[in-house]
Amino acid sequence: MNNNKGIYLDYAATTPVDKNVMKEMIPYFSEKFGNAMSVHNFGQEAQQAIDTARERVAKFFNCSPSEIIFTSGATESNNLTVKGVVKSFYSVSRKKGEIPHIVTTVFEHHCVLDACHAMKKEGLAEITFLPVGRDGIVKIADVKKAIKPNTILISIMYVNNEIGTVQPIAEIGKLIQKLRSNNQGIHYPLLHTDATQSVNYFDCNVKKIGVDLLSFSGHKIYGPKGVGVLFAKRGTPIRRIQDGGDQEYKLRAGTHNVTGIVGLGKAVDMLTASGKQQAIIKKIISLRDYLIKRVLTEIPAAYLNGSKEKRSPNNANFRFDNVEGEGLILSLDLEGIATSTGSACSSGALEPSHVLLALGLKHEQAHGSLRITIGKYTTKAELDRTVKVLKETVQRLRKISGNVLSEFK
Amino acid sequence: MNYSKKVLKYFAKPRNQGPLKDADAVATVGNPKCGDIMRIYIKVGKNKGGEEIIENIGFETLGCGAAIATSSMATEMAKGKTLKEALAITNQMVADELGGLPAPKFHCSNLAATALQKAIKKYQSCKA
């Protein structure tokens, strides 16, 4: 997308709302403004709109509409999963000292990591954080090893948000189903996946991938911000964590974000109904491969972080020796190119990205990383200009940094 | 994170960037863990009054926008100053001269004055 604001290459952060999505949303701001919980006609109109959205989303995930819970976004869906599953565990009387166990990975999004840490801190659960390989992929054997008799939840992201690596969710799903088929009548362990970065590109048929819970956000798929989904399979032991009204099958209290839900429904529908999605994915893959090839061949000491093969179509995460990431994105931004980095300097933290460190990168390597994520509006011309500016920028920043790093080797 | 226009200017077009071949002293601060490393080169001369001054100065910095901008500003502030005056330059003064820095940047990225002081002290101790 190259408008007067420049070239946008940060689609993993957020996407622009598709014009067709916006068109469907607009009537629900002030014309069809009813509260879906109201009995009158205004309310029914809103309720119908939500029902349509729910059906569209259910069709995409191959599940029942009653298994779709609308939330404010993936962060809320992930919090609801971790905390709601723990809450449900304690809703029946437990033996003294009986504590549930959760398995997740070290490179989940902070909303999952922090929710798990919170459960641990409150003494409500014990957590295993699985390592990931240098390629940015979780090993199924590690998942298997981590499962204990008290494991109630396994939460593993589908596609990593920083390095775009794809996790073997369907295989893990098979493993869990096999395990559970041996424990008659017991629901545990549940399998949850944060699918925020995968809905655009990967099979999210919940029956095929075998998950009990799945989260995502509307704004990553050309829908609006502030709305998301939690798929929760019928019979999944989960309790709500926010008290109030009876919305969303009593799992998520709070007035429906009707406009947002309508927009999300349309955005999901466009992924299934348009028939164009395969062509879009093909185009994005070819653009990504073009970008990766040019950067790795034309810029010296440039590397790709994470597996090249098991990778989201839209993600290229590079690192450059003797360059710091924030300086890179700042320089690119001054040239009108919007990207992101795993460097601590961009986030205000002292530590660089926990994802890049999880791959086994050194601090200075993690600091020297750049994430470029493309989308359906990205053009080859935009990438050509990006490579040109990136080459000049890396060269300029390397001249400024000299060889100061050598003192520390 | 919002940088001032002045920070962006000093980042995009840094002053006194590059090593000095005839430096009298060189000092490096920072560490790879934080991501910011700054190296200052100084060449000492004398003014008309016979006092020692920073005759020439250069820097090399691996780091974020703030790290490069503060290195650039610190060298500009020190150039031509007597050693006593240059020693009095603090990291806060460098940040102020740049129109302020975002709060998280003070810890790691604002070390140029420290590097400058270290270089001057190194020069003085070598001479003594």
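Protein chains get the first letters and strands the later ones, always in sequence-line order, with residue 1 at the start of each.
Neither the backbone nor the side chain of K362(A) comes within contact range of chain B; no heavy atom of the residue lies under 4.5 Å from a heavy atom of that chain. In this structure, chain B has heavy atoms under 4.5 Å from both the backbone and the side chain of I400(A).
Between T61(B) and S401(A), every side-chain heavy-atom pair lies at or beyond the 4.5 Å cut-off. Under the 4.5 Å side-chain criterion, counting only non-hydrogen atoms from C-beta, E326(A) is in contact with K105(B).
Judged as a side-chain contact (heavy atoms from CB on, under 4.5 Å), and not counting sequence neighbours, the contacts of A338(A) are Y8(A). Listed by chain and number, the residues in a side-chain contact (heavy atoms from CB on, under 4.5 Å) with R385(A) are I7(A), E335(A), V389(A) (sequence neighbours excluded).
By number of non-hydrogen pairs under 4.5 angstrom with chain B, the leading residue of V323(A), N322(A), N403(A) is N403(A). Contact tally against chain A (heavy-atom pairs below 4.5 Å) for N31(B), I68(B), L8(B), I37(B): the top residue is I37(B).
Remark: the backbone N or O of T28(B) is not paired with any side-chain donor or acceptor of E407(A) at under 3.5 angstrom. Between the side chain of H363(A) and the main chain of G35(B), no donor-acceptor pair closer than 3.5 Å is present.
Applying the 6.0 Å contact sphere to NZ of K6(B) captures more than 12 heavy atoms from other residues, nucleotides or ligands. By the 6.0 Å contact criterion, CD on Q124(B) is enclosed, its count of non-hydrogen atoms from other residues, nucleotides or ligands being greater than 12.
Annotation: residues 77-98 of chain B contacts chain A through no residue [non-hydrogen atoms, separation under 4.5 Å]. Contacts with chain A (heavy atom to heavy atom, under 4.5 Å) involve these residues of residues 11-18 of chain B, listed by number: F11(B), A12(B), P14(B), Q17(B).
One finds no salt bridge joining R398(A) and E60(B) here, because no Lys/Arg side-chain nitrogen approaches an Asp/Glu carboxylate oxygen to under 4.0 Å.
Considering every non-hydrogen atom in both P32(B) and E364(A), the closest pair reads CB-OE1, 3.5 Å.
Remark: C64(B) SG to L397(A) CG distance equals 11.0 Å, nearest 0.5 Å.
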